[in-house]
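A short write-up of the structure that comes next.
Values in this document were obtained by computation on a predicted structure and should not be read as measured data. Just so you know, residue 1 is the first one in the sequence shown, and it goes up from there.
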Amino acid sequence: MNPNLPHSDPSRLAARIRRRAVEMVHSAAASHIGSCLSVADILAHLYGGCLRVDPANPHWPDRDRFILSKGHAAAVLYAVLAERGFFPVAMLDSYGQDDTVLAGHCTDAVAGVEVSTGSLGHGLPIGCGMALAAKRDGRDYRVFVLLGDGECNEGSVWEAALFARQHELDNLVAIVDHNKLQGLGAVDEVLGLQPLAEKWRAFGFSTVEIDGHDHGQIARSLANVPRQAGRPTAVIAHTIKGKGVSFMEGSLAWHYKSPDDSQLAQAIGELEVAL
Ligand SMILES: Cc1ncc(C[n+]2csc(CCOP(=O)(O)OP(=O)(O)O)c2C)c(N)n1
């Protein structure tokens, strides 16, 4: 890899997409910045080298598929796609504005976005279909689905998990962004999921728990897929909602709040990355 490209260094790429997401959400006066920041490190690894994708040919049939099932974190996905060269970074300025394709929830009108998401609970079922299609077509692409932990309250997630094991979809990886908060409260209080990793194991997934902000652990967890022949993989990534901006970290309010001008300045200062 060329070390001068931002995607060659996942920690640098993560910082850049955090900053871009904060700026986008600020200028659009939009929500979900906490949800964006918790997955920035994971996205930086996926698009920094893990995924087999070609930005010049986003519909390449043998590409790995990625679905951001928690589609409300669209800003940070658009940021990483732009950094990776799927479309010009200047387009990010239109996020959340009138007449843009960069809608507040993921839309497949954007180059590199596989599936429009935002209604929670749909990404894993769709990912199962893609993974099954790969098997039936004799193709070796993998399918990665990033879900929220609150999203795991949706029954469709667990129906899809049953399906994945039954069909031995070892080309499927479910990554759960386990930031312990959802929109209106703590996951444990709204509808608890513990023991979460044990549940995925019980559903037949080869399951690993990681620190979702530790670059070594993220890289290792994504490097060897499948972990076990015949079994889908689950990566339970322990994360912090709002990670990287002190006053947003672990704060429920930043699910919906948008930073004002002085909060934007403080966030940019803390992220310590020039664009
Ligand atoms: C089917 C459905 N129900 C409700 C919502 C509203 N909603 C948007 S984000 C959110 C919380 C999601 O929490 P989590 O999956 O933990 O993601 P996080 O924001 O913490 O990353 C909810 C309930 C939705 N988008 N879709």
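- The OH atom of Tyr95 lies 13.5 Å from the CD atom of Glu23; values are rounded to the nearest 0.5 Å.
- Under the 4.5 Å side-chain heavy-atom criterion for grouping Ile, Leu, Val, Met, Phe, Trp and Tyr, Val39 is connected to Leu81 within one hydrophobic cluster.
- Rounded to the nearest 0.5 Å, atoms CD1 (Ile33) and OG (Ser258) are 8.5 Å apart.
- Using a 4.5 Å cut-off on side-chain heavy atoms (C-beta onward), Leu146 and Ile67 make no contact.
- Shown here are the salt bridge (Lys or Arg N to Asp or Glu O under 4.0 Å) partners of Arg227, two or more places apart in sequence or in another chain: there are none.
- Counting heavy atoms from C-beta on, the side chains of Arg19 and Ile268 come closer than 4.5 Å.
- Inter-residue side-chain proximity for Leu181 and Val187 is flagged as unmet; no heavy-atom pair is nearer than 4.5 Å.
- Residues meeting the salt bridge (Lys or Arg N to Asp or Glu O under 4.0 Å) test with Glu198, sequence neighbours left out: Arg201.
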Throw together a table of side-chain donor-acceptor distances under 3.5 angstrom for residues 170-177, partners on residues two or more places apart or in other chains.
| unit_1 | atom_1 | unit_2 | atom_2 | d |
| --- | --- | --- | --- | --- |
| Asp170 | OD1 | Lys135 | NZ | 2.5 |
| Asp170 | OD2 | Gly230 | N | 2.8 |
| Asn171 | ND2 | Ala131 | O | 3.0 |
| Asp177 | OD1 | Ser38 | OG | 3.4 |
| Asp177 | OD1 | Thr239 | OG1 | 2.5 |
| Asp177 | OD2 | Ser38 | OG | 2.7 |
| Asp177 | OD2 | Lys70 | NZ | 2.8 |
| Asp177 | OD2 | Asn179 | ND2 | 3.3 |

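- Remark: Asn57 CG is packed, more than 12 non-hydrogen atoms of other residues, nucleotides or ligands lying under 6.0 Å away.
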### Task
Check the pair Ile236 / Ile210 against side chain to side chain contact (heavy atoms under 4.5 Å, CB included), numbers first and verdict last.
CA-CA 6 Å; Ile236 311 301; Ile210 64 163; over 6 Å; no
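- Side chain of Asp64 to main chain of Val143: no donor-acceptor pair is present (N/O by atom type, distance under 3.5 Å, no hydrogens or angles).
- When the side chain to side chain contact (heavy atoms under 4.5 Å, CB included) test is applied to His122, the partners found at least two apart in sequence or on another chain are Ser119, Ile126.
- The CH2 atom of Trp254 sits 4.5 Å away from the CE atom of Met248 when rounded to the nearest 0.5 Å.
- Between atom CD of residue Gln228 and atom OG1 of residue Thr207 there is a gap of 9.0 Å, rounded to the nearest 0.5 Å.
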I'd like to know whether Asp93 forms a side chain to side chain contact (heavy atoms under 4.5 Å, CB included) with Ser27, so could you lay out the CA-CA distance, the side-chain angles of the two residues, the decisive distance to 0.1 Å, and finally the verdict.
CA-CA 8 Å; Asp93 294 342; Ser27 63; over 6 Å; no
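- Listed by first and then second residue, the salt bridge (Lys or Arg N to Asp or Glu O under 4.0 Å) pairs involving residues 203-218 amount to none (not counting sequence neighbours).
- Looking at Phe86 and Pro58, their side chains come closer than 4.5 Å, going by heavy atoms from C-beta outward.
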Inset, instruction - Run the numbers on Val235 and Trp200 for side chain to side chain contact (heavy atoms under 4.5 Å, CB included), then give the verdict. - result: CA-CA 9 Å; Val235 177; Trp200 286 94; over 6 Å; no
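- With values rounded to the nearest 0.5 angstrom, Thr233 atom OG1 is found 8.5 Å from Phe205 atom CZ.
- Atom CD of Gln194 has more than 12 heavy atoms from other residues, nucleotides or ligands within 6.0 Å.
- The side chain to side chain contact (heavy atoms under 4.5 Å, CB included) search around His215 returns Pro10, Ser11, Ala14, Asp41, His45, not counting sequence neighbours.
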- request: Could you walk me through whether Asp260 and His26 pass the side-chain hydrogen bond (donor to acceptor under 3.5 Å, both in side chains) test, one step at a time?
  value: CA-CA 7 Å; Asp260 61 23; His26 165 262; over 6 Å; no
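- A donor-acceptor pair under 3.5 Å links the side-chain atoms of Thr117 to the main chain of Leu68, judged by distance alone.
- Cation-pi geometry between Arg65 and Phe144 is not met at under 6.0 angstrom from the ring centre and within 45 degrees of the axis.
- The side-chain heavy atoms of Phe247 and Gln266, taken from C-beta on, include a pair separated by under 4.5 Å.
- Checked against Leu271 for a side-chain contact (heavy atoms from CB on, under 4.5 Å), the options Arg20, Arg16, Arg18 give a single hit: Arg18.
- Hydrophobic clustering (side-chain heavy atoms under 4.5 Å, transitive across Ile, Leu, Val, Met, Phe, Trp, Tyr) groups Tyr78 together with Val53.
- Side-chain contact between Cys128 and His167 is absent, with no heavy-atom pair separated by less than 4.5 Å.
- Sequence neighbours left out, the pairs with a member in residues 170-196 that pass ring pair (Phe, Tyr, Trp, His ring centres under 6.0 Å) are His178-His238.
- Ring geometry for Phe66 versus Tyr47: interplanar angle over 60°, hence perpendicular rather than tilted (30 to 60°).
- Among residues two or more places apart in sequence or in another chain, the side chain to side chain contact (heavy atoms under 4.5 Å, CB included) test is passed with Asp62 by Arg52, Trp60, Arg139.
- Ring-plane geometry between His255 and His72 is classed as tilted, the angle between the planes lying from 30 to 60 degrees on a 0 to 90 degree scale.
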task: Test side chain to side chain contact (heavy atoms under 4.5 Å, CB included) on Lys180 and Lys241 and set out the steps.
output: CA-CA 8 Å; Lys180 287 96 186 168; Lys241 204 154 172 168; over 6 Å; no
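- Under a 3.5 Å cut-off, the side chain of Tyr141 and the backbone N or O of Met130 do form a donor-acceptor pair.
- In this structure, the side chains of Pro259 and Val25 come closer than 4.5 Å at one or more pairs of heavy atoms.
- In the hydrophobic clustering of this structure, Leu252 does not group with Leu193; members are Ile, Leu, Val, Met, Phe, Trp, Tyr whose side-chain heavy atoms approach within less than 4.5 Å, directly or through other members.
- Under the salt bridge (Lys or Arg N to Asp or Glu O under 4.0 Å) criterion, no residue pair touches residues 185-194, with sequence neighbours excluded.
- Sorted by first and then second residue, the side chain to side chain donor-acceptor pair (under 3.5 Å) pairs with a member in residues 243-252 read Ser246-Glu270; sequence neighbours excluded.
- A 4.5 Å side-chain heavy-atom check between Glu151 and Gln182 finds every atom pair outside the cut-off.
- Remark: Ala82 pairs with Phe87, Val89, Leu92 by the side chain to side chain contact (heavy atoms under 4.5 Å, CB included) rule, at least two apart or across chains.
- Within the structure, side chain to side chain donor-acceptor pair (under 3.5 Å) pairs that include any residue of residues 100-110 comprise Ser94-Thr100, Asp108-Ser116 (at least two apart or interchain).
- Checking side-chain atoms of Ser69 against main-chain N and O of Gly123 turns up a donor-acceptor pair under 3.5 Å.
- Side chain of Trp158 to backbone of Cys152: a donor-acceptor contact under 3.5 angstrom is found.
- The CG atom of Asp54 lies 8.5 Å from the CZ atom of Arg84; values are rounded to the nearest 0.5 Å.
- Cluster annotation: Leu169 and Val208 are assigned to distinct hydrophobic clusters (Ile/Leu/Val/Met/Phe/Trp/Tyr, side-chain heavy-atom contacts under 4.5 Å, transitive).
- Connection of Leu51 to Ile42 is established within a shared hydrophobic cluster, with ILVMFWY side chains joined at heavy-atom distances below 4.5 Å, either directly or through further cluster members.
- Nearest heavy atoms, Leu222 versus Val225: O-CG2, 3.7 Å.
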